[in-house]
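All values below come from the heavy atoms of this structure, side chains included, with hydrogens, waters and symmetry mates left out. Positions are given from 1, in the same order as the sequence printed here.
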Amino acid sequence: MESQKKFEKSFSIEFFPPKSEEARDRLHRVRDKLITLNPHYVSVTFGAGGSTQQGTVETVQDMLNAGLDAAPHLSCITSSKEDIRELVNNYRDMGVKRIVALRGDVPSGMRGPSGEFRYANELVEFLRSEYGDTFHLEVGAYPEFHPQAPSASADIDNFARKVKAGADVAITQYFFNADAYYRFIEQLEKRGVDIPVIPGIMPIINWEQLKRFSGMCGADLPRWLSWRAEELADKDDKEGLQAFGHEVVGTMAEELLAQGAPGIHFYSMNQAKPTMKLWQDLGIRT
C-alpha cells in the first residue's frame, strides 16, 4: 500500500441516468443533497452496448449545469472509432474534463465485441492519440478480478495495459473484503504499475438487488455478511439491514483510508442518505 499513500485523496460519487421523468426529478433532489458534500467529481454510468447513451449525455449536462465536475462513463464494446469520436467531441464541447473509459458489458445475446474496440486499453489508447491530455482518464479495476478474465495474472496484465495506454486513475468494482484490495495493490506494485487506485464502495441498501449485481460483476459476498443480511432481509427489517450495511461498509472504508487508499468512490444508487451518512461518519473534508 506504500505506493498509494503518496497520491492526493479523491472522493467522488456515481449516479446512473434516470429512465422516467419521475426518476429524473428524484435524481435532481438527490443531486442537490449530495452536492453539499463537495465531491471532487461525479460520474454517470453508461448501459450495456451504450443502451443509456442519450440519458448519460443528458445527466452529465444536468450535473455540469449544477456546477459539478461530471465524468461520463464511455463504453466502447459495440462502437466504431467514429462513434466514439462524435460522442467525445460532444462531451468536450459541453466542457467535460474527465472520462471513465471502459470496455463495457456485452449486451444480452452478443458473444463478444462487435465494434472496432475489443478492450478498454484500446479505447484509452485511442482517446490519448486523438485528444492528448484534454481529458483526465479513469479506468476500471477488479480487486477480485474480472469475471471474464482467464486468470488472475491475466487480469493484472490487462490492467497494466490500460495504465500503459495512458490511464490516469483507476476506480475499483465494489468489494466487501479489504484484503482483496490490498493484494491487488501488491500485485500492481510488483509489476511497477503506479497510478492511484480508488476503492469503489457500495452501500448495502437492497439485499436482493445487491446479490443480483454481485452475481453479474463477480463481486464476492462473504458468507458471514450474507448470512446476517439474509436474516434481516427475511424479517423484512429494512432499517436493520441498512444499519448493518452501514456499519460493515463504513468500517471497511475507514480502514482503507487509514491504510493509505487514495480516496473513495461512492456508488450512490441514486440515493442520498446512505452516501451522505458514510461520508459524514468518515469525516471526509474536501
Side-chain angles (χ1 to χ4, degrees), residues 9-48 51-75 91 94-100 102 138 140 171-174 176 198-214 216-217 219 238-250 252-253 263-286:
K9 285 183 168 50
S10 172
F11 298 96
S12 52
I13 302 171
E14 183 171 295
F15 299 97
F16 58 84
K19 295 183 179 179
S20 67
E21 285 301 317
E22 180 183 0
R24 186 186 308 279
D25 291 342
R26 185 166 58 249
L27 178 56
H28 286 168
R29 292 192 296 271
V30 170
R31 177 203 65 197
D32 290 345
K33 290 178 181 179
L34 292 180
I35 200 173
T36 64
L37 300 175
N38 194 31
H40 289 106
Y41 70 95
V42 298
S43 69
V44 181
T45 64
F46 194 68
S51 59
T52 64
Q53 177 175 309
Q54 188 56 37
T56 300
V57 173
E58 292 172 357
T59 304
V60 167
Q61 186 65 69
D62 282 346
M63 296 295 173
L64 291 170
N65 292 344
L68 291 160
D69 184 1
H73 286 210
L74 183 62
S75 168
Y91 282 137
M94 288 166 58
V96 166
K97 301 298 183 184
R98 296 173 180 265
I99 288 176
V100 182
L102 306 166
E138 327 266 342
I171 302 167
T172 78
Q173 179 58 266
Y174 69 83
F176 296 101
I198 312 293
I201 297 300
M202 175 72 83
I204 299 175
I205 302 169
N206 180 310
W207 180 241
E208 290 302 318
Q209 183 185 60
L210 182 62
K211 286 195 296 183
R212 186 170 66 253
F213 286 170
S214 300
M216 291 188 295
C217 72
K238 295 179 181 178
E239 186 175 325
L241 175 63
Q242 292 186 15
F244 168 68
H246 176 78
E247 179 184 3
V248 169
V249 174
M252 183 179 68
I264 298 288
H265 183 71
F266 293 86
Y267 293 100
S268 75
M269 300 305 295
N270 287 12
Q271 296 191 39
K273 185 177 178 180
T275 294
M276 290 192 78
K277 185 168 175 54
L278 283 168
W279 191 292
Q280 291 164 350
D281 286 359
L282 290 168
I284 297 170
R285 299 288 183 269
T286 57

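- The shortest non-hydrogen separation linking F213 to M202 is CD1-CE, 4.4 Å.
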Donor-acceptor pairs under 3.5 angstrom involving side-chain atoms of residues 238-248: please list them, not counting sequence neighbours.
{"unit_1": "H246", "atom_1": "NE2", "unit_2": "D281", "atom_2": "OD2", "d": "2.7"}

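- Take Y91 and apply the ring pair (Phe, Tyr, Trp, His ring centres under 6.0 Å) test, not counting sequence neighbours, and it matches no residue.
- Counting heavy atoms from C-beta on, the side chains of T59 and P18 come closer than 4.5 Å.
- In this structure S214 satisfies the side chain to side chain contact (heavy atoms under 4.5 Å, CB included) test together with Y174, L210, A219, L221, sequence neighbours excluded.
- Considering only heavy atoms from C-beta on, P72 stays 4.5 Å or farther from V57 through its side chain.
- In this structure, CZ in R212 is found 13.0 Å from CH2 in W207, a value given to the nearest 0.5 Å.
- Distance OH/Y41 to CG/D69: 9.0 Å, rounded to 0.5 Å.
- Within the 4.5 Å cutoff, side-chain heavy atoms of L64 are placed close to those of V96.
- A heavy-atom distance below 4.5 Å is found between the side chains of M276 and L37.
- I264 and A253 get closest at one heavy-atom pair: CD1-CB, 4.3 Å.
- Applying the salt bridge (charged side-chain N to carboxylate O under 4.0 Å, His left out) test to E138 and every residue at least two apart in sequence or in another chain returns R98.
- Looking at heavy atoms from C-beta onward, H265 lies in side-chain contact with S12 at the 4.5 angstrom threshold.
- In this structure, the side chains of F266 and P274 stay at 4.5 Å or more apart for every pair of heavy atoms.
- S75 places no side-chain N or O within 3.5 Å of a backbone atom of L102 that could act as its donor or acceptor partner.
- The side-chain hydrogen bond (donor to acceptor under 3.5 Å, both in side chains) check on E208 picks up K211, with sequence neighbours excluded.
- K33 is linked by a side-chain hydrogen bond (donor to acceptor under 3.5 Å, both in side chains) to nothing, counting only residues two or more places apart in sequence or in another chain.
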Let me check something: any side-chain donor-acceptor pairs from residues 21-32 under 3.5 Å, sequence neighbours excluded? List them with distances.
{"unit_1": "H28", "atom_1": "NE2", "unit_2": "D62", "atom_2": "OD2", "d": "3.1"}

- Message: For I198 and F11: C-alpha separation, side-chain torsions, deciding distance, then whether side chain to side chain contact (heavy atoms under 4.5 Å, CB included) applies.
- Response: CA-CA 9 Å; I198 312 293; F11 298 96; over 6 Å; no

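- Taking both residues in full, the closest heavy atoms of K9 and H40 are given as O-CE1, 3.6 Å, listed atom of the first, atom of the second, then distance.
- At least one side-chain heavy atom of Y267 sits under 4.5 Å from a side-chain heavy atom of I171.
- Not counting sequence neighbours, the partners of S268 by the side chain to side chain contact (heavy atoms under 4.5 Å, CB included) test are I13, F15, L34, N270, T275.
- For Q61, the side-chain hydrogen bond (donor to acceptor under 3.5 Å, both in side chains) partners are N65, not counting sequence neighbours.
- Inter-residue side-chain proximity for V249 and P203 is flagged as unmet; no heavy-atom pair is nearer than 4.5 Å.
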